[in-house]
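Here is the structure we will look at.
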Amino acid sequence: MTLHVAIVGAGPAGIYAGNILAHQFPDVEIDLFDSLPAPYGLIRYGVAPDHPRIKGIVNSLHEMLNDGKIRFYGNVTFGKDLNLEDIKKHYHAVIFATGAIKDAELSIPGIDLPGSFGAADFVAWYDGHPDYPRTWPLEAKQVAVLGNGNVALDVARMLAKHADDLLSTDIPANVYEGLKGSPLTDVHVFGRRGPANIKFTPIELRELGEVEDVDIVLYDEDFPEGWFDEDAEGVTNQHKVMARILESWRGRALTGASRRLHLHFYSTPVAILGEDKVTGIKFERTGTGKTFEHEVQAVYRAIGYFGSALPEIPFDEKFGVITNHGGRVIDGVYATGWIKRGPVGLIGHTKSDATETIENLVADIPNLKHPIAPGEILQTLTQRGVEYTDWKGWLKLDAHEQSLGQKENRERIKVVARDEQVKISRA
Ligand code: NAP
């Protein structure tokens with residue numbers, strides 16, 4: 001029996017799941033849908049452009065899609081262009097791998113002031129996500145970034161970096177222009193806990209100290225005697241490496257760089273200040289009841305992502321995930337990746353996650369309902385006038401972006417607009 005499976009979400013989680021399924025159950029036909037015209041999800045629209053090592057994961061994802069086992073269809077939105085009934089008609093099973101693309105909420109006064117942003121929105125802008133505005137207000141000289149995870153580092157680094165140092169990346173032209181005009185002098189990253197409790201990872205932290213013309217500033221008050229206890233419960237080698245990195249920066253003299261990146265700790269945000277726009281931010285020195293204020297003109301919260309509910313699919317509003325047990329949702333419906341387990345962990349972790357989901361799906365095969373019209377989804381989409389893109393179309397768009405880059409001695413320049421991407425893909 002040929003198994004027909006749909007996957008919704010063409011990021012790493014969806015592609016890994018498809019690849020693992022194709023190996024475990026070779027008699028399978030997999031259609032991989034994404035609401036965006038191009039594949040790769042988080043890699044294309046979440047990973048910072050100056051992280052070529054992580055962006056390089058695209059090469060293995062490309063191989064997985066290029067061998068023809070998994071058919072990619074972009075510009076198809078679940079809930080709009082196809083629904084659960086369509087899925088049941090055409091497939092034995094569906095796997096949702098839609099990730100987490102919204103910012104977690106921070107309920108403090110002033111959070112909605114102009115100048116207060118969510119990191120996810122800024123990331124979507126600098127990565128050229130087609131559904132976000134082309135311009136970003138970069139008017140602040142002093143900026144606060146809230147959170148001590150890798151997203152906070154991405155945002156802080158992208159704000160602090162000089163635009164010309166990003167020309168080796170695939171940033172779209174509008175992003176280069178926007179960053180080029182930024183008057184920024186100081187980025188202040190605030191963690192609510194101490195320097196021993198950061199959620200950064202060593203490579204990403206170290207990289208911060210290597211940004212051209214940016215000085216790192218640490219404050220002695222955040223590093224009391226014995227601040228790092230190697231033997232404390234939960235301390236990993238990663239923590240030890242990062243403690244050494246922070247210590248090395250403490251001893252480093254300022255070079256007089258034109259921009260500074262400050263790391264502050266024990267700072268719990270309590271209010272964003274300003275009448276009609278951000279003028280500052282108020283913190284509590286964590287656990288002490290004592291408050292202090294900081295003058296900034298913009299605040300970026302990088303306190304975690306949050307998943308979005310999908311029509312007809314059970315959703316846990318508290319944790320922002322599809323309600324599931326080991327990836328099983330309801331009959332014939334599965335989940336994998338951040339929408340299954342929440343927005344934590346590196347891209348590689350989605351592989352083990354996908355393995356679990358696929359093992360459960362394969363175990364369920366005898367009980368899956370047979371679709372009445374397998375392999376006929378394209379007729380349905382065409383009848384509805386959906387301008388879907390496909391793998392061949394992506395190869396065209398990919399080549400087009402690379403040729404745009406070549407003209408300016410760059411590896412690639414991303415095409416941002418959705419209609420332009422669709423037009424090039426379907427040409
Ligand atoms: P994260 O690692 O969970 O970090 C979230 C940060 O926000 C934590 O420091 C947390 O503090 C803080 N936070 C949460 N609620 C807060 C509040 N109300 N007020 C102040 N601070 C608050 O999440 P992330 O940075 O969004 O990253 C998500 C995942 O993607 C992580 O696994 C990350 O490593 C990965 N990632 C990797 C890269 C890379 O380059 N390798 C880049 C981006 C993301 P507490 O610790 O005190 O809770």
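The figures here come from the full heavy-atom set of this structure, side chains too, leaving out hydrogens, waters and symmetry mates. Atoms within each ligand, like the ligands themselves, are counted from 1 in listed order.
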Any salt bridge between [X] and [Y], counting N to O under 4.0 Å?
| X | Y | result |
| --- | --- | --- |
| Lys55 | Asp50 | no |
| Arg252 | Asp215 | no |
| Arg71 | Asp31 | yes |
| Arg250 | Glu247 | yes |
| Glu204 | Arg53 | yes |

Using heavy-atom distances, let me know which of [options] sits nearest [atom].
| atom | options | result |
| --- | --- | --- |
| atom 4 (O) of ligand 1 | Pro269, Gly149, Ser107 | Gly149 |
| atom 29 (C) of ligand 1 | Trp338, Phe306, Tyr305 | Trp338 |
| atom 45 (P) of ligand 1 | Arg301, Glu105, Glu204, Arg192 | Arg192 |
| atom 22 (C) of ligand 1 | Ile303, Asn150, Thr286, Thr201 | Ile303 |
| atom 25 (O) of ligand 1 | Val151, Val189, Asp154, Asn197 | Val151 |

Counting from 1, what ligand 1 atoms have a heavy atom of [X] closer than 4.0 Å?
| X | answer |
| --- | --- |
| Arg193 | 45 (P), 46 (O), 47 (O) |
| Gly304 | 26 (O) |
| His51 | 40 (O) |
| Asn148 | 6 (C), 8 (C), 9 (O) |
| Leu106 | 18 (N) |
| Pro343 | 28 (C), 29 (C) |

- Message: Under a 3.5 Å distance rule, please check whether Asp353 uses its side chain to pair with a backbone N or O of Gly337 as donor and acceptor.
- Response: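 The answer is yes, because a donor-acceptor pair under 3.5 Å joins these two groups.
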- When you measure from the side chain of Asp164 to the backbone N and O of His162, does any donor-acceptor pair fall under 3.5 Å?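 No; judged by distance alone, with no hydrogens or angles, the pair does not exist.
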- Mind checking the CG-CG spacing from Leu404 to Asp170? Nearest 0.5 Å is all I need.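 So the gap between those two atoms works out to 11.5 Å.
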- Message: Counting non-hydrogen protein atoms only, what is the nearest one to atom 32 (O) of ligand 1? Give residue, atom name and distance.
- Response: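 In this structure, atom 32 (O) of ligand 1 has Gly345 N, 2.7 Å as its nearest protein heavy atom.
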- Message: Quick test: of every protein heavy atom, which one is nearest to atom 3 (O) of ligand 1, and how far off is it to 0.1 Å?
- Response: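 Answer, as residue, atom name and distance: Lys199 CD, 4.0 Å.
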Mind checking whether [X] contacts ligand 1 via backbone (N, CA, C, O), side chain (CB onward), both or neither, at a 4.0 Å heavy-atom cut-off?
| X | result |
| --- | --- |
| Phe283 | neither |
| Ala119 | neither |
| Ala104 | neither |
| Ile198 | neither |

- How about Lys240: does its NZ atom have over 12 heavy atoms from other parts shown lying under 6.0 Å from it?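 Counting neighbours around NZ of Lys240, more than 12 heavy atoms of other residues, nucleotides or ligands fall under 6.0 Å, so yes.
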- Cation over ring, Arg426 on Tyr388, under 6.0 Å and within 45°?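 Cation-pi check for Arg426 and Tyr388: passes.
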- Just by distance, with hydrogens left out, do Asp86 and Tyr91 show a side-chain donor and acceptor under 3.5 Å apart?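 No - no donor-acceptor pair under 3.5 Å links their side chains.
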- Message: Looking at ligand 1, would Gly191 count as a contact under a 4.0 Å heavy-atom criterion?
- Response: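 It does not; every heavy atom stays at 4.0 Å or beyond.
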- Heavy atom of Ile54, distance to ligand 1 below 4.0 Å: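 It does; at least one heavy atom falls under 4.0 Å.
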- Message: My understanding is that only one of Gln421, Glu387, Arg418 makes a side-chain hydrogen bond (donor to acceptor under 3.5 Å, both in side chains) with Asn75; could you say which?
- Response: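 Of the listed residues Gln421, Glu387, Arg418, the side-chain hydrogen bond (donor to acceptor under 3.5 Å, both in side chains) partner of Asn75 is Arg418.
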